[in-house]
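I have placed the structure first, in the form of structure tokens, so that the comments after it can refer back to it.
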Amino acid sequence: MLKSIKTSEANRSVVAGLTSKLGMGPENLIARIAFAYSISQGRKLNLSDMQDSKGKEYSSKVLFGDYSAFYIAIVCQHYGLHKTDYDIPKYIKMHIDDGLNLISEIVQENPNLPLFDFIIEQIEKGLESL
């Protein structure tokens with residue numbers, strides 16, 4: 001069902017820029033973080049707002065490793081979908097694009113922000129909400 005995901009054309013350079021700026025190594029890591037960050041914001045994205053798919057392409061295996069079922073489950077829980085819903089790849093793509101945009105804005109506002117500090121700050125916010 002989930003073979004590959006492509007970011008928007010505008011986010012092709014965002015992926016490369018954030019990966020380089022934050023010293024991340026493989027570009028799939030920023031996509032995973034972007035997905036998680038977008039979902040953590042609690043917003044439900046509208047499929048009619050989906051951007052183009054002319055950017056960075058990730059196979060399901062590269063993007064999620066052996067854990068694609070977990071990412072699909074997250075989307076299913078978030079949107080109340082069944083795991084076979086045909087729109088799941090679209091929601092994943094939208095949350096990756098959304099997360100990339102959000103993280104890019106944060107990095108632009110805080111150019112010296114290390115990735116580790118960003119992630120710890122987000123974990124702390126999540127724990128405080130419990």
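Every heavy atom of this structure was used, including side-chain atoms; hydrogens, water molecules and symmetry mates were not. All figures in this text were calculated on a predicted structure; none of them were measured in a lab.
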Looking at [X] and [Y], what are the two nearest heavy atoms and their distance?
| X | Y | value |
| --- | --- | --- |
| S53 | K93 | OG-CE, 3.3 Å |
| I96 | F35 | CG1-CB, 3.9 Å |
| I88 | H82 | CD1-O, 3.4 Å |

Establish, from distance only, whether the side-chain atoms of S4 and E57 form a donor-acceptor pair under 3.5 Å. yes

[atom1] of [X] to [atom2] of [Y]: how many Å apart, nearest 0.5 Å?
| X | Y | atom1 | atom2 | answer |
| --- | --- | --- | --- | --- |
| I5 | I92 | CD1 | CD1 | 5.0 Å |
| L47 | D87 | CG | CG | 5.0 Å |
| L45 | M94 | CG | CE | 4.5 Å |
| E27 | S20 | CD | OG | 9.5 Å |

Just grab all the side chain to side chain donor-acceptor pair (under 3.5 Å) pairs involving residues 34-46, residues at least two apart or on different chains. S38-H95, S38-D98, R43-D98, N46-S48

Indicate every side-chain donor-acceptor pair of residues 60-76 with a distance under 3.5 Å to a residue at least two apart or in another chain.
{"from": "K61", "atom 1": "NZ", "to": "D66", "atom 2": "OD1", "distance (Å)": "2.3"}

Please set out all donor-acceptor pairs under 3.5 angstrom arising from side-chain atoms of residues 101-117, sequence neighbours excluded.
{"from": "N101", "atom 1": "ND2", "to": "D97", "atom 2": "O", "distance (Å)": "3.2"}
{"from": "N110", "atom 1": "ND2", "to": "I106", "atom 2": "O", "distance (Å)": "3.1"}

Who are the side-chain contact (heavy atoms from CB on, under 4.5 Å) partners of S13, not counting sequence neighbours? none

Could you tell me if the side chain of K56 sits less than 4.5 Å from the side chain of N11, heavy atoms only? no

Output every pair passing salt bridge (Lys or Arg N to Asp or Glu O under 4.0 Å) with a member in residues 67-77, not counting sequence neighbours, ordered by first then second residue. none

Which residues share a ring pair (Phe, Tyr, Trp, His ring centres under 6.0 Å) with Y58, sequence neighbours left out: none

